[in-house]
Q: 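Got a structure for you, written out below as structure tokens; questions coming shortly.
We name chains A, B, ... by the order of the sequence lines, and we start the count at 1 in each one.
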Amino acid sequence: MDRTFDIKHYRGFFSITCLCLVILYGPLIIVMIYSFNDSVSITNWGGISLRWYVEIFTGLESAKFKAAAWNSFSIAIMAAIVSTVIATAAAIGMIRGGNFKGKFASFALISLPIMVPEIVTAVATLIFFSTIGFKLGTLSILVAHTVFCIPFAYLPISARLQGIDASYEEAAQDLFANRWKTFRYVLMPIMWPGIVAGFLLAFIISLDDFIITNFIKGAGIETLPTAIFGSVKQGIKPNIMALSTLLLLFSIALVTLSYFIGKRGEANQNTQQ
Amino acid sequence: MIMKTFFSAATLALIANSAVAEGKLSVYHWFEYIPAELVEKFSTKYDVDVTVDTFDSNESMLASLKAGTMGSYDVAVPGDYMVEIMVGLGLLDTIAAGELTNINNIEEQWLNVPFDMGRKHSIPYQWGSTSFSVNRDAYSGNINTTDIIFNPPEQLKGKINVLDSQGEVMAMAALHLGIPQCSTDRDQLKSLDALLQSAKENWASFGSDTAKEVLVSGDAAVGMIWNGYGARARAEGANIEYSYPDQGYVVWMDNVVLLNEAPNRANAILFMDFLLEPENIAAVTNYAMYADGIKGSTPFLDAELASSPEHNPRAGSGAGVFVSVCDQATQEVYDQIWTRLRS
Amino acid sequence: MAAGTGSGSTVSAIFSPVRFWLLLPSWVVIGFFLLVPVLLMLTYSFLTKEFRGGVIWEFSLASYDQFLFDRGLFGDEAPVIKWTYINIFIRSILQAFGATIFCLLIGFPTAYFIATRPIQSRTIWLFLITVPYWVNLLIRTVSMKFLIRDSGPLNELLLYIGLIDAPLHVINTNFAVQLGLFYSYLPFMVLPIYASVERYNFTFSEVASDLYASKVTILWEVILPVVKPGIIAGSILVFVPSLGAFLAPDLLGGAKTFMIGSLIEDQFKGNAGNWPFGAAASMILLSLVLVVLMFYVRAQNKDQT
């Protein structure tokens, strides 16, 4: 063991890291385990079974869950697409647009949805929609989610763009490519991992949102979080645990995907340089 | 391109929203109050797509309707005093004579009710009482007194869940003190405020939608609760007993009302007529475990319902009272007391 | 970072002629659907509450008055400072502050440990920290609620191994809320601290060690000042969302003692139905957050100079 290694390391930090992971994963793993519980009562263990997973898809509440899942995913996909497009344009404007007056103000505006507490965004949006007479429904959720997702999409995209050497684009410009072609054939292929990361982040943020959706959802419209919230208020039922486990696995799949895209992007970028 | 994407996305959402507009019914209902099978039955019988949104107190339902969901729902299910308030605010549509073919199924005593004389806007849904249930493993003493909630014995302190429902909590507190509801007497109001402030110290949580769950899971030893919901908690394994206190208890009736600006008024009428059929309303009663006000529903009811302790007030208990509607000036004082209690 | 050689000091300006059009959509969308609503909310906080819900478009200071002053049950006594709402804010600030401290205590060693791993295993550790951040917050809060109930798995386990005789009563207490906030935002603390420790040059530690500084001194006097921006960023990322949190107090705290988030929610979705007051409380929360953020920007600028 060399000396640098020794100086870097502090006794107990490893244990705390393990504790940190236990805290983060413990509750989730417990819920996963209990979702396979055969018993109707959530506190008693009745053997392993998949009955609650079957119940989600065929049980009495299946129609509600299906509608909620459809709403959640369609809203998340649309909000993520729109916010990623807006964020990509904004990132290019901010990072490849030179210095300009109001750059900080522009940055502040783009970050506004992250800075304003979610509950305040929810209140402001509800008041706004109700004042202009915008009917609460799927569209109101979509609009609010799009706004909220822009900075989340913007962060990875702009981070990626900042890491790309401008000489590629300059070279393309020298070869008389117009700006669209420069973007499409030069910038886009290098920055796509950032765009995908931004899209995935925006998607998961929209899928995750409870507070804003709860304020502005219209009559008869539920997303997965609002449906789960409504249900757990009357007790944590095994079918909700199964549903949560599925959502959890989906999130893990998504973050893994995002991770590998990030890695490929890095490798890709390194070979280009 | 950006705008194009935005608009096509927006249009998509709009289409998704309105594609199923034909044969729809939008119900604003209490949580866990209608069996999914019954909704399914109505849905199949009339080929109507039913969505049920839920609320957890009369007051929050009114707040939501006034906050812009008026015009989205066809029917709602407010309690007695809230029907009166909604009539006063002009939120309810009038059911014309002859529109409901089954209106004669309503029991005599629920037909001409003070909150809706002659049933112009509403039909009975369920009626029951509000009091509290006590976990008998946690406490074996006398539970026939509202002291359990407002001046609890040592063992029960910090283990009480109270409904997050202004009307019922205030009415119970008034019964405990023996003062009238909607009192304008300053000393009485001050003592009401003081009572709630001191009682709050001993309460663990406020929650209506969690009322059954906290009793079943044992998170609370005492829970203010509706009689049927208490019966369901007992059926789910909680060793609890429902109290009919000496000081009295709250009685209520929930009603299906026809909302103004209902987008599917015809289906709303169909739905109300459907719920006036003895067999259908009995399905609700068997599920929610309260009582309905419909003639001829008895043969369809589970036998044990009639004999359950939650349904039979103890001989010698206090009287049941409805929640009263106060005038604006008085109500504002009550709102103030409630705000002080809840924050 | 090999790829970090990009724009550097000279800012690339290839797209500057179309800059306006590139930025316009974000300005319009956020401006119209968030900035305007926030300004409208400010207006609402000065309107008059209508009896039984709704607002009347008449100027009034009643909401702020209700927030600050107690005029007795009947509104006719001399105003005295009302602590009810101020206490809710103080309680929320303390809860958020506590959550930040706990996150820091666990988050800093974790971030430090990960940043000092070899590159290969580092990404795996980092991945493990990131996963919970992507998992639905509601599901995480519900999991916590399930775990800590009186009859929940944690109590069962502790009873089983004989560590306790009676179930620990955690649910519906302030501690449960604290735990929920800590659990919700822990990954937010680790990631920024990790980023700054990763950039830390360990030759500083070596030099200090050569000067006979103890390891604790090195950590305290050498490393901490350098990674301070990461600590501040992490603290803000935990503190700000904790301040307006709704799920943790509602699901874990039994909704008995309000925090700011639940107070506001009650004005719109709950029993209270007082929109102008809800708008005023939201404005006060927003101002508080902006003050914290301004402090952050100033601290950052000071670090850079």
Q: For A:Ser158, give me all partners under side-chain contact (heavy atoms from CB on, under 4.5 Å), at least two apart in sequence or on another chain.
A: A:Ala91, A:Ile95, A:Tyr154

Q: Sequence neighbours left out, what passes salt bridge (charged side-chain N to carboxylate O under 4.0 Å, His left out) with B:Glu310? Give chain and number order.
A: B:Arg234

Q: Among A:Ala219, A:Gly133, A:Gly218, which residue forms the greatest number of heavy-atom pairs with chain B at distances under 4.5 Å?
A: A:Ala219

Q: List the atom of B:Thr210, the atom of A:Lys233, and the distance in Å for their closest heavy-atom pair.
A: CG2-O, 2.9 Å

Q: Please classify the contact of A:Lys135 with chain B as side chain, backbone, both or neither, using a heavy-atom distance under 4.5 Å.
A: side chain

Q: Return the minimal non-hydrogen interatomic distance between A:Ile221 and B:Asp53, and the atom names on each side.
A: N-OD1, 4.1 Å

Q: Which region of A:Ser130, side chain (C-beta onward) or backbone (N, CA, C, O), has a non-hydrogen atom less than 4.5 Å from a non-hydrogen atom of chain B, or is it both or neither?
A: side chain

Q: Counting heavy-atom pairs under 4.5 Å to chain A, which of B:Gly71, B:Ser72, B:Gly207 comes out on top?
A: B:Ser72

Q: Using heavy atoms and a sub-4.5 Å threshold, report which of residues 215-226 of chain B line up against chain A, by residue number.
A: none

Q: How many angstroms lie between CD in B:Glu32 and CD in A:Gln234, if you round to the nearest 0.5 Å?
A: 4.5 Å

Q: Measure distances from B:Phe55 to the heavy atoms of chain A and classify the residue's part below 4.5 Å as side chain, backbone, both or neither.
A: neither

Q: Just jot down the side-chain contact (heavy atoms from CB on, under 4.5 Å) partners of B:Ser129, sequence neighbours excluded, or say none.
A: B:Asn227, B:Tyr242, B:Tyr244, B:Tyr249

Q: Heavy-atom cut-off 4.5 Å, strictly under: side chain, backbone, both or neither for A:Ile77 against chain B?
A: neither

Q: Take atom CZ in A:Phe107; do more than 12 heavy atoms of anything else shown fall under 6.0 Å from it?
A: no

